[in-house]
There are 4 protein chains.
Amino acid sequence: MTTQKDNAPKDAVRDKRMAIIDAALAVISETGILNATVEDIARRAGVAKGTVYLYFKTKEEILVEMVVEKSGETLAAVHKAASGVSGIWEKLRAAMRIHFANIIEHMPNVLIDEGMLHLTAAHKKKLLNAKFAHVKFYEEIIAEHFAKSGREPPFSPLASALALIGGLIGYVFQRHHFKDAAVGPDEYLRTYEAIVQAALIGGETKSEKSKRK
Amino acid sequence: MTTQKDNAPKDAVRDKRMAIIDAALAVISETGILNATVEDIARRAGVAKGTVYLYFKTKEEILVEMVVEKSGETLAAVHKAASGVSGIWEKLRAAMRIHFANIIEHMPNVLIDEGMLHLTAAHKKKLLNAKFAHVKFYEEIIAEHFAKSGREPPFSPLASALALIGGLIGYVFQRHHFKDAAVGPDEYLRTYEAIVQAALIGGETKSEKSKRK
Amino acid sequence: MTTQKDNAPKDAVRDKRMAIIDAALAVISETGILNATVEDIARRAGVAKGTVYLYFKTKEEILVEMVVEKSGETLAAVHKAASGVSGIWEKLRAAMRIHFANIIEHMPNVLIDEGMLHLTAAHKKKLLNAKFAHVKFYEEIIAEHFAKSGREPPFSPLASALALIGGLIGYVFQRHHFKDAAVGPDEYLRTYEAIVQAALIGGETKSEKSKRK
Amino acid sequence: MTTQKDNAPKDAVRDKRMAIIDAALAVISETGILNATVEDIARRAGVAKGTVYLYFKTKEEILVEMVVEKSGETLAAVHKAASGVSGIWEKLRAAMRIHFANIIEHMPNVLIDEGMLHLTAAHKKKLLNAKFAHVKFYEEIIAEHFAKSGREPPFSPLASALALIGGLIGYVFQRHHFKDAAVGPDEYLRTYEAIVQAALIGGETKSEKSKRK
DNA sequence: GATGAATGAGAGTTCATTCAT
DNA sequence: TATGAATGAACTCTCATTCAT
């Protein structure tokens, strides 16, 4: 049994860690990775510059931990959303919706590319593992779907999962076009859902049909 | 009429400009945007550091002009590929293939995001216009396709075009996963083609059918 | 009369003070003055960083007090060694041996130079006084020796004392050469003893002669 | 044949390099190694902070190169002085005088200890080699002296050389005592010369005797 | 036009010192 | 008395940009 006294300091540490990570996300969103300074992040988090280094060894570590943390949150949310519904397509759609919302909210996560930074091998691995967990999630669902349908899988579940995520994060790099065009993220998502459905599922599912009645 | 005397220096200027842009692309590919220095770019281009500033006002301008230039090259190649074949789907597929090859070759182009840098308004606009030209290309083809098929367009051509490109560039951000997984860019492209075909075209086209025979 | 109750806390204070000083000496020996941090010293002493500041006002004070303390210990040991034997040269030699052993043991003491640090006037004075006590010790012995010998003193006792100590501490700055060369501290000391003896005493003393028989 | 045009840039480089080294020496003399900043050194040398890094990769390299350079100068001066006179003791004395003058002039050189800093292996080796060249110079002279005198060498030439230098640089660490005491560096040197002469040479040389007449 | 030495603002990081607990 | 999280001044080093040659 852990007393409150035991947890309090641990929670305080986690809180401040998360505050710094959130600050980093916010600062990067506003100024871009190239211009985000540790001082900015500290100020945003409401701590001194030196304090940041009590929680993260380097600026690089802040970025990596930010991606890992937020990717984890996203994956958890996606999992939860998918397990709340039944049916392959319903699961996929629920996952995609939450996933897309998270991608938009944590945009810098997507923009931080392993090749842009000069990460240590360990950090690079950590980053890729965090991202790959998302791929595996979709891969499993798609594989299950292909298995259930009697027909020959039209393409590999892994490639499908990668393409699916690719389409979701591709939005981020085109987001500025949406201001001019009369196409918002909602329409993008709806379109993309339809594309995926048509490609992977092939027409309406039974539950979709019954809903329409 | 322009004499040779007039053109020669202009060409020399354009050559050096392009040499610097190509050097920038190469350096960024290797070291990442964060670590690419003007000195690296100059050395790679075979000119002195100061010379770079005779052709570009700032480092930012190098990046912007690089994207504009390379995007233009890509669009020209895509256009050419599409006009070489007949049939909507054939055009789309030819375009996607060339586009995808260019995306991989000019990866930094994709990675340079308007939100990452701190661009001036003019530069940002220039960048977005260059990128949007691609979107419009696909939008037109898709719109034409929807118009030809008698049925109601399932989703807006613009959103479709954005999603289509999104899926293509999404590959770049997942490229590191492909080393571990047994999925190469070719399989990604094939899968993605199939997804797009299924979604936008709806099953095999006539030409596809005839090919199979 | 002081009760045990009074002394106990005082002793505890002195113990912790000495623990910190010893920790400082150990840390500096290992990492060098430039890299020795208060945190290192505290950890080595087994106390918290803040605790160090209950016993010393600044890091500078730790260093100064360390030198004063260790110099005092050395001087006491030297005194004791010298008073344990009779004869001028015997005293000198006994003193030099103990002194040299202490110099090697407390190397940072020697390396901490008044000009390297940016000491307050008070600290500088304290440091110099501690060091000068050593000089005076040798000066007195040498002066006594010169007085006893009928002959004119060949050089001032003070200069002699300074040169004598100079030769001893000079070892510290050349200690790295001894690894390569086949000369250890013992041979250095033996050589230096002989030099001093030849110069100040002038040939063997009577007790040396009798020992040889 | 090298034209003036060829040498000019090389000389300019060397001049600036030396200006920075001299500035480093001056700044360290005044503020101590611990407080000497690169900015101070740059200002003193009359260049911008960044310029220093065009000539030296790190601050550590400035220090190492400073020692190497000044040690080399000293050794050259010592060599020249020794070769200007004949007779072992005359050579030794001339060398010691110049050496001592250089030690006082380049005091920080002596104070920079391999154990205080956290040098890379390569830098440490470079530093030690530079210093050891001095030792070897004296070792050779002393060995020659021992060889010429028929008698058994009383102590190893190497240990003797180390002790000799030890006594010279020992002055630096006691220099502050000389302000209070009525002993200046000149008297220290004279005393030390006499000590060395008595120990290594054994009484007056013939040239000394003749001088006295 | 071309060069590259020089600049200096600004970045990441460290660490002596403080102070609420 | 003892703690160690927090602070922020100060450090080393980088690099986009300039300009005399």
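All values below were derived from every heavy atom in this structure, side-chain atoms included, with hydrogens, water molecules and symmetry-related copies excluded. Naming convention: chains lettered A, B, ... in sequence-line order (proteins, then strands); numbering from 1 in each chain.
Along DNA chain F, the nucleotide nearest G46(A) and the nucleotide nearest V52(C) are compared for position; the residue whose nucleotide lies closer to the 5' end is V52(C). The residue among A48(B) and K16(D) whose nearest nucleotide of DNA chain E lies closer to the 5′ end is A48(B). Nearest-nucleotide positions on DNA chain E place V47(D) closer to the 5' end than the other of V47(D) and T58(A).
Looking at V38(B) and Y53(B), their side chains come closer than 4.5 Å, going by heavy atoms from C-beta outward. In this structure, L25(B) and I21(B) have side chains that are not in contact, with every pair of non-hydrogen atoms separated by 4.5 Å or more. Considering only heavy atoms from C-beta on, H106(B) stays 4.5 Å or farther from S29(B) through its side chain. A 4.5 Å side-chain heavy-atom check between I33(A) and M116(A) finds at least one atom pair inside the cut-off. Looking only at side-chain heavy atoms (C-beta outward), K124(C) and L117(C) stay at 4.5 Å or farther from each other.
When atom types are taken as modelled, the side chain of D40(B) and the backbone of A36(B) share no donor-acceptor pair closer than 3.5 angstrom. A donor-acceptor pair is defined here as one N or O able to donate and one able to accept, closer than 3.5 Å; no such pair exists between the side chain of T51(B) and the backbone of V47(B).
Under a 4.0 Å N-O distance rule, the pair D22(D)/K70(D) qualifies as a salt bridge. Look at E65(A) and K57(A) and you find no salt bridge, because none of the NZ, NE, NH1 or NH2 atoms lies under 4.0 Å from a carboxylate O. E39(B) has no carboxylate O lying under 4.0 Å from a charged side-chain N of R44(B), or vice versa, which leaves the two without a salt bridge.
A donor N or O paired with an acceptor N or O is not found under 3.5 Å between the base of dT17(F) and the side-chain atoms of K59(B). Side chain K49(B) to base dT17(F): a donor-acceptor pair is found below 3.5 Å.
The interatomic distance linking L54(C) (CG) with dT18(E) (P) rounds to 11 Å, in whole Å. One can place CZ of R14(A) at 18 Å from C1' of dA5(F), the figure rounded to the nearest angstrom. Rounded to whole Å, atom P of dA2(F) lies 14 Å from atom CZ of R17(C). Atom P of nucleotide dA5(E) and atom CD1 of I20(D) are separated by 13 Å, given to the nearest angstrom. E61(C) places its CD atom 14 Å from the C1' atom of dT17(E), with the value rounded to the nearest Å. dC15(E) atom C1' lies 16 Å from atom CD of E60(C), rounded to whole Å. Separating the CD1 atom of I62(C) from the C1' atom of dT17(E) is a distance of 11 Å, rounded to the nearest angstrom. The nearest whole Å value for the distance from the CG atom in L117(B) to the P atom in dA16(F) is 12 Å.
Residue contacts for Y55(D): at a heavy-atom cut-off of 4.0 Å it reaches the sugar-phosphate backbone alone, with no base atom in range. Counting non-hydrogen atoms under 4.0 angstrom, K57(C) reaches nothing in the nucleic acid.
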Here DNA chain F, pairs taken as Watson-Crick or G-U under 3.5 Å and shown with ( ), [ ] when crossing and | when to another strand, reads .||||||||||||||||||||
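Contacts between residues 28-44 of chain D and DNA chain F, defined by a heavy-atom separation below 4.0 Å, involve A36(D), T37(D), V38(D), listed by number.
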